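Here is how names work: the chains are called A, B, and so on, in the same order as the sequence lines, proteins then strands, and each is numbered from 1. Keep in mind it's a predicted model, so treat the numbers as computed, not measured. All heavy atoms count here, side chains included; hydrogens, waters and symmetry mates do not.
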Protein chains: 2
Amino acid sequence: MRSYRQYCGLARALDIVGDRWNLLIVRQLLIAPARYQELLGGLPGIATNLLADRLRDLETEGVIERRLPDTGNGIIYALTDWGAALREPVEGLIRWSTPLMIRGADGDQFRPHWLGLALSALLTPRARGNRSASVGIVVDGETIQLRVERTGVKVGPHDGRNLDATVHADPQIILGLAAGVLSIDDLDALIDIQGDKAAVRAILGA
Amino acid sequence: MRSYRQYCGLARALDIVGDRWNLLIVRQLLIAPARYQELLGGLPGIATNLLADRLRDLETEGVIERRLPDTGNGIIYALTDWGAALREPVEGLIRWSTPLMIRGADGDQFRPHWLGLALSALLTPRARGNRSASVGIVVDGETIQLRVERTGVKVGPHDGRNLDATVHADPQIILGLAAGVLSIDDLDALIDIQGDKAAVRAILGA
DNA sequence: CCGCATCCTCATGGATACTG
DNA sequence: CAGTATCCATGAGGATGCGG
């Protein structure tokens with residue numbers, strides 16, 4: 001993309017990450033470092049030449065870096081420290097998009113990890129938790145683990161440890177709960193909770 | 001721009017504001033509602049047909065609205081409530097861009113209001129102020145007023161009221177101070193402070 | 001004047017096939 | 001596996017025109 005040539009922080013930020021696909025690549029790497037093919041799978045719709053171009057751009061600008069794993073073969077792409085600092089504005093945009101998301105998927109592609117990032121964006125600001133609990137959200141066969149403590153909320157893949165409860169529900173239901181526009185009590189038919197319902201309420205409740 | 005067709009908050013947000021120029025238009029309207037010609041002047045480099053296109057898009061998506069002033073003639077563009085909520089991610093991107101800004105303008109276009117928005121982004125998070133003070137920053141002949149109180153920092157155009165101090169310095173110096181990478185004491189030759197130096201230190205100091 | 005719309009040129013994005 | 005190469009479609013940029 002052409003530079004805006006404006007001495008303004010927003011314009012200079014967009015000179016780097018404003019190119020089409022760039023922030024979505026950052027999104028994938030905020031979820032976890034990834035290989036080229038994993039990025040292609042996590043970015044449905046991108047053309048392979050564009051992914052290669054953007055990875056080059058982002059690397060030369062210092063947003064991402066290539067790592068060679070100990071096993072020797074292949075390349076792993078990861079965010080630099082500065083690139084990882086994009087989590088704040090990215091999660092801000094995700095919070096802003098809530099009205100667009102509660103309308104439902106409408107045929108769009110979906111990856112469970114994206115929901116994990118959205119939950120991180122929606123739940124982290126309100127550091128809830130005089131009670132500690134861990135809950136698994138099962139979507140598309142993948143389990144996202146939410147753990148709340150006094151320090152805040154941690155979101156990530158299921159680490160195999162014990163869960164206080166397991167929730168099965170559609171993504172937009174989970175998002176509605178996390179955003180506070182839905183209440184658990186109104187949705188018995190749409191949510192399947194196994195285990196400690198109070199733990200779910202502590203994390204996703206009003 | 002084509003939709004990403006991804007059921008992800010970031011992708012849906014970028015479907016709306018990811019088009020080139022869109023976030024910069026939002027930036028201008030975060031500073032103040034504006035007429036078409038004012039937007040053209042505040043967005044150096046944009047083509048007039050693109051501005052018209054983008055304003056239409058943003059209006060149909062509910063980010064901005066057209067207002068007819070009491071004087072009757074002309075159109076005033078302003079953010080909707082939802083559009084104004086973009087302040088958070090926009091200021092996040094501005095904070096992220098600090099390393100790009102302290103390098104200096106390098107011939108890029110500049111508008112004093114942009115510095116005001118950057119100061120808002122950098123100073124608001126750290127709600128400083130056991131002391132109340134108001135300071136004017138003079139850049140390119142325009143005065144930006146910073147007012148700190150217990151409740152936080154307010155940034156805006158000079159309202160004509162008394163200032164505790166007036167600062168003359170280049171934008172990158174002001175940004176370096178606000179970002180905490182420069183210290184007032186090291187820069188006597190580059191900053192001209194008239195009035196209460198302690199008030200300046202209370203707002204821009206370490 | 002202000003608020004756009006049209007026209008044209010060129011850079012960028014997108015889809016597919018192919019390679020070290 | 002990790003990308004290039006190629007070709008076509010789309011969108012940006014710039015100049016200019018035009019109605020209220």
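Within a 6.0 Å radius of CG in A/D186, more than 12 heavy atoms belonging to other residues, nucleotides or ligands are found. Shown here is A/R161, whose CZ atom has no more than 12 heavy atoms of other residues, nucleotides or ligands within 6.0 Å.
The side chain of A/R54 places an N or O atom within less than 4.0 Å of a non-bridging phosphate oxygen (OP1 or OP2) of C/dG13. The side chain of B/R35 contributes no N or O atom lying less than 4.0 Å from OP1 or OP2 of C/dC2. Taking only side-chain nitrogens and oxygens, A/R20 never comes nearer than 4.0 Å to OP1 or OP2 of C/dA11.
Rounded to an integer number of Å, the gap from A/D53 CG to D/dA2 P is 17 Å. Going from atom OH of B/Y36 over to atom P of C/dC1 covers 17 Å, rounded to whole Å. To the nearest angstrom, P of C/dA15 lies 13 Å from CG of A/L43. Computed from coordinates, the B/N49 CG to D/dC18 C1' distance equals 15 Å when rounded to whole Å. With rounding to whole Å, B/M1 atom CE is found 8 Å from D/dA12 atom P. If you measure from atom CD1 of A/I46 to atom P of D/dT4, you get 14 Å, rounded to the nearest angstrom. Between the C1' atom of C/dG3 and the OH atom of B/Y77 lies a distance of 7 Å, rounded to the nearest Å. In this entry the distance linking CG of A/L24 with C1' of C/dG13 reads 14 Å, nearest Å.
If you check every strand for non-hydrogen atoms under 4.0 Å, B/I75 touches sugar and phosphate atoms only. Backbone-only contact: A/D19 has heavy atoms under 4.0 Å from sugar-phosphate atoms and none from a base.
Using a 3.5 Å distance cut-off with no hydrogens or angles, the side chains of A/E91 and A/W96 do not pair a donor with an acceptor. Using modelled atom types and a 3.5 Å distance limit, the side chains of A/S132 and A/R147 yield a donor-acceptor pair.
Checked against C/dG14, C/dC2, C/dC4, the side chain of A/W21 finds its nearest nucleotide in C/dG14. When each of C/dG14, C/dC4, C/dG3 is scored by its nearest atom to the side-chain atoms of B/Q37, the top-ranked nucleotide is C/dG3.
For B/R56 and B/D53, the salt-bridge test passes: some basic side-chain N is under 4.0 Å from an acidic carboxylate O.
When each of A/A47 and A/R2 is assigned the nucleotide of DNA chain C bearing its nearest heavy atom, the one mapping closer to the 5' terminus is A/R2.
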